[in-house]
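Okay, so here's the structure we're looking at.
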Amino acid sequence: MKKHNFSAGPSILPKSVIEKSAKGILNINNSNLSLIEISHRSKDFVEIMDNATSLALELLNLQNKGYKALFLQGGASMQFLMTAYNLLENKAGYLNTGVWSTKALKEAKLFGEAVEIASSKDKNFNYIPKGYSIDSDLDYFHITTNNTIFGTQIKEIPDTSVNLVCDMSSDIFSRDIDFSKFGLIYAGAQKNMGPAGTTLVIIKEDILGKVSRVIPSMLDYRTHIEKESMFNTPPVFAVYTSMLTLEWLKQNGGIKSIEKKNIQKSNFLYNAIDSNELFSGFAKKEDRSLMNVTFNLTNQEHKEHFDKLCNDANINGVNGHRSVGGYRASIYNALDLNSVNVLIEVMNELKRII
Ligand SMILES: *Cc1c(COP(=O)(O)O)cnc(C)c1O
């Protein structure tokens, strides 16, 4: 029985990827050994890591531009502190667009002066602040392109001479933007790339080495660049599955092609919300996310009814985050249009029977 998986994270992966990664657990590359019982220094795994890092750079169009791709541990949350540890000398600026950027700013303050350049907290983060200015004396400016919890997304990447640092956990590989605008991009794998347990970090090498503090080896990006993400034992299963997803994406036409599908899916769903008076969208229209669609019932009395219809239609994971309430349909790369149509059908069904 097919489930329609709208989970926000960990979240849906392509079925073929799940099947291949399951096979790898049993027998990797016909070696009669499991992926998770071989050395990470073995030829089989070194090839996986090389392939994963080069696919990441290739898909983002960042090859031969001074960037390195790393697969690290500790989640996106570890990057909240690692970015500041490695890059904050005098002052850093943060765009506060939700729970995750609030956490990133909090960690940065442990290492120096970190200031909020603009915030949308006044409206419970239902929009993206605009019209702010970015001082040129900042060490970096940190943004969160997609706000997973609130369903907002930055459409225009800010133009600035300052290093842009970005938490792209929930929209990396989903749309075609100029990734070379960033000095550093990080993304926890479990939203649009793989299982939890690894975080992709894309870093322009020349932004490093500019802070005066001593950095512990494990938290120093230069260590991981030098050791090609093998300074310590990498999370082999998470890296392998991420590699399979990146291969899947490449085989399916890469980011440009998936972006078209993502635009189509989100347009259909937002139209269904806007054209049905039983529902209202949470995020400001111009800032709506292509990945996380947040909405609510206009009348809470219909909740039990709607939840039952969703359940009967095998819809999984549409409950909103506790800080927003209502519903959130996460429509990541691997979710197909058919699943979106099932949800739309259920929304229309509610209207018919009310
Ligand atoms: C999920 C998420 C995080 C947290 O990721 P962890 O890997 O659990 O630390 C951070 N930022 C964004 C945008 C997220 O969606």
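Just follow the structure's listing: the first ligand is 1, and inside any ligand the first atom is 1.
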*Check the pair Lys103 / Asp167 against salt bridge (charged side-chain N to carboxylate O under 4.0 Å, His left out), numbers first and verdict last.*
CA-CA 11 Å; Lys103 290 188 178 179; Asp167 178 356; over 6 Å; no

*asked:* Between the side chains of Asp171 and Lys191, is the shortest nitrogen-to-carboxylate-oxygen separation below 4.0 Å, so that they form an ion pair?
replied: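 Between Asp171 and Lys191 there is no salt bridge, as every charged N stays at least 4.0 Å from the carboxylate O atoms.
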
*Begin from the C-alpha positions of Asn333 and Met193 and carry the test side-chain contact (heavy atoms from CB on, under 4.5 Å) through to its verdict.*
CA-CA 9 Å; Asn333 286 353; Met193 187 172 66; over 6 Å; no

*Between the side chains of Asn147 and Thr97, is a donor N or O closer than 3.5 angstrom to an acceptor N or O?*
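Yes, because at least one side-chain N or O of Asn147 sits under 3.5 Å from a partner of the opposite role on Thr97.
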
*Can you find a side-chain donor-acceptor pair between Asn262 and Lys265 that sits under 3.5 Å?*
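On atom types as modelled, these side chains qualify, holding a pair under 3.5 Å.
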
*Which residue pairs pass the side-chain hydrogen bond (donor to acceptor under 3.5 Å, both in side chains) test with at least one member in residues 227-249, sequence neighbours excluded?*
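Only Asn51-Glu247 qualify under side-chain hydrogen bond (donor to acceptor under 3.5 Å, both in side chains).
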
*What residues sit with at least one heavy atom under 4.0 Å from ligand 1?*
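Only Gly75, Ala76, Ser77, Phe80, Trp100, Thr144, Asn146, Thr148, Asp167, Ser169, Ser170, Gln190, Lys191 have heavy atoms that fall under 4.0 Å of ligand 1, ordered by chain and number.
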
